[in-house]
Amino acid sequence: MSLLSQILTILLNGLQQGAIYVLLAVGLSIILGTLKFVNFAHGALYLLGAYLGLFITTEVQLTNGMLPEWGITTFGLGLGFLAALLIVPLVTFVVGIVMERFVAKPFYDRPDTDQILVTFGLAVIFQEALRALIGGDSQSLPQPAWASGPIALPIIGNFPRWRLGVIVITALLVLFVYALVEYTDFGLIVRAGTMDSEMVRLLGIRLDRPYLVVFGIGAALAGIAGVVGGPLANVNPNIGTEQLVPAFLTVVIGGVGKIEGAVLAGLLLGTLQVLLIQTGFAAWNRVGIYVLAAVILLVRPQGLLGSEVDVE
Amino acid sequence: MTLLDVDGIDGYYGESHIIQDVSMTVDEGEITALLGRNGAGKTSTLRCISGATPPEVRDGTIRFDGTDITNQPPEDIAVRGISLVPEERRVFTDLTVAENLHLAETVRNKSNTWNRGLEFKDEGMSTDEIYEFFPRLDERREQKAGTLSGGEQQMLAIARALHQSTDLLMLDEPYEGLAPQIIEAVENAIERISENGTTVLLVEQNAVAAMKIADRCYVLDRGEVVFEGAADELRANDEIRDRYLGV
């Protein structure tokens, strides 16, 4: 394997690893930037996405938890991966909207700590309820048949087809959200709301509905992240909390409210992790991203692409 | 005819009682000035009228064109035809001039999904009229608002307010931080807006500049009205000018 192909492989794997962070962070970042709401339940939406994906795609044999005790030993629809990819974002979008109305909205004017407590509490309730119902076993979400196996890429050689799929899906979704925010009236209102929400309202623009949609989009992205990330690792009740911290890190490093920032930071963290894993420092890969985060935030407290104002 | 009628309002920031029984009226077509020293309660009064919170109005009523608008949400008040050019302009600095204006225009677009259910009074100035009125903004359409000079940002804030459906234009310290010749340009713009039939409520610390263009004046001190009358009367009243305005 030539050096060039090694570098490119690391970059591509980094892109894939970062892609999941990006999907989570873009939603989190627009929610935090626009609504000033700290959503610690974002990881639970990832968890929900992964399990919904699992149960829509296959029929799962259950051995632990209360469901088998109640006589339910197989659970799932077995509709295939494509169905999951289409249904999960719709369901999580609706869940996001319900969350905005009943969880986030009453807490908009409350301190960040209250927001963190209520959302983290909800996330833990969801996670533990899930564990109680179906047990803590790791399940595997099968890769879609049409994207299994390797694909031959120039220079790099064989690369897992699904990993490439994750990169492509992420890129398309990020472009979609970016276009929505940059080129539509909705996006204009959201961007202005991020800068000065009171002024937007003083112009006569009602922000409730755009905010609702922002929350829904963020939740849908987290749900999709769960589905596309599912086949890359095991699915168990802990994966939501595991993804939450790197996702927040990505938001802060990139600059709160900046989609480009979330993309850049996600890719940076992903690439660093893969680099450490593939060069024999696998045990240090988690440490590495925190060190990188600390260094970046020391130099640029507002994050890579954040504006100075955001620090306040 | 009275367009805006503020009747004995008491405004609170938490438990601090900062607006005390303030009453004032703004007549249609006139320029009314609300004067007073820093901290007299001028901005808070404007915030009460525009529905921005805090302060919270706990007593008294604010009527606009006969309708009670006390403590209504700011977006509902704005679409009735009250627009605010706030202190420090608050233009959206990361958006271009055109985007800043377009934002105000989305409000008037009745088919806009985001505003379904709001009652719009009438139409504001069209984009062409705005650029004709402020040629400087026309030249800088694609420039980020944050890169404009103070005077240009003030023009943009006023243009944005006019772009809404506005019957009452409220300006909070529009001369603040501007060079004398720029103040003159802003003054000139306010007079032209008034001549076009828009009613103006002008809040200013710079009493001399405000009295020049105002028809009627109110003077606030520590959240209370201490003078009301024609601008000429205030010009002639040395005691009030000396005691509350320092001019």
Side-chain angles (χ1 to χ4, degrees), chain A residues 29-30 33-35 97 100 105 108-111 178-217 254-261 302-303 305-312, chain B residues 46-47 49-54 72-96 98-109 111-121 124 144-146 157 160-166 170 172:
Chain A
S29 189
I30 54 173
T34 314
L35 287 69
I97 283 182
E100 198 275 343
K105 208 175 177 198
Y108 281 151
D109 294 329
R110 303 271 287 267
Y178 184 79
L180 197 66
V181 170
E182 288 295 318
Y183 303 112
T184 63
D185 278 0
F186 161 75
L188 187 61
I189 292 170
V190 168
R191 279 185 293 149
T194 308
M195 288 173 241
D196 187 344
S197 60
E198 185 181 73
M199 192 61 231
V200 174
R201 297 182 65 197
L202 284 166
L203 289 179
I205 296 166
R206 192 174 273 181
L207 274 174
D208 316 21
R209 281 169 237 191
Y211 277 7
L212 205 59
V213 175
V214 163
F215 218 102
I217 291 174
V256 172
K258 303 282 181 200
I259 294 177
E260 310 93 301
Q302 70 271 39
L305 301 183
S307 29
E308 296 276 356
V309 210
D310 292 341
V311 183
E312 290 167 27
Chain B
L46 281 198
R47 286 180 66 85
I49 298 169
S50 63
T53 46
Q72 280 193 13
E75 56 269 33
D76 289 17
I77 292 177
V79 295
R80 287 182 187 279
I82 298 184
S83 54
L84 174 68
V85 178
E87 209 176 357
E88 289 161 1
R89 291 126 210 167
R90 287 166 72 176
V91 294
F92 301 102
T93 49
D94 286 352
L95 302 184
T96 64
E99 284 175 325
N100 265 278
L101 291 174
H102 183 69
L103 200 60
E105 200 187 1
T106 59
V107 182
R108 298 185 297 124
N109 183 354
S111 59
N112 193 318
T113 331
W114 311 111
N115 288 317
R116 210 172 287 151
L118 288 176
E119 293 286 327
F120 296 87
K121 193 137 182 296
K144 289 257 162 81
R160 187 177 61 181
L162 290 175
H163 215 5
Q164 297 173 242
S165 53
T166 191
M170 305 198 294
D172 195 355

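Because only heavy atoms are used, hydrogens play no part in the values below, and waters and symmetry mates are left out as well, while side chains stay in. Within every chain, numbering begins at 1; the chains are lettered A, B, ... in the order of the sequence lines, protein sequences first and strands thereafter.
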Query raised in the report: So how far is it from H102(B) NE2 to I189(A) CD1, rounded to the nearest 0.5 Å?
Result: 8.5 Å
**Report entry** Pairwise side-chain contact, L95(B) with R191(A), heavy-atom cut-off 4.5 Å (strictly under)
**Finding:** yes
Query raised in the report: Roughly how far, to the nearest 0.5 Å, is CG of D196(A) from CG of D94(B)?
Result: 12.0 Å
Report summary line: Applying a strict 4.5 Å limit to non-hydrogen atoms, the region of R201(A) in contact with chain B is both
Query - Any residue meeting salt bridge (charged side-chain N to carboxylate O under 4.0 Å, His left out) with E198(A), in chain and number order, not counting sequence neighbours - result: R47(B), R90(B)
Query - Closest non-hydrogen atom pair, L202(A) against A78(B) - result: O-CB, 3.2 Å
Report task. Using the test side chain to side chain donor-acceptor pair (under 3.5 Å), find all partners of Y178(A) that sit at least two apart in sequence or belong to another chain. Result -> none
Query raised in the report: Can you check whether V200(A) reaches E75(B) side chain to side chain, under 4.5 Å on heavy atoms?
Result: no
Query raised in the report: Are any of the side-chain heavy atoms of M199(A) and L84(B) separated by less than 4.5 Å?
Result: no
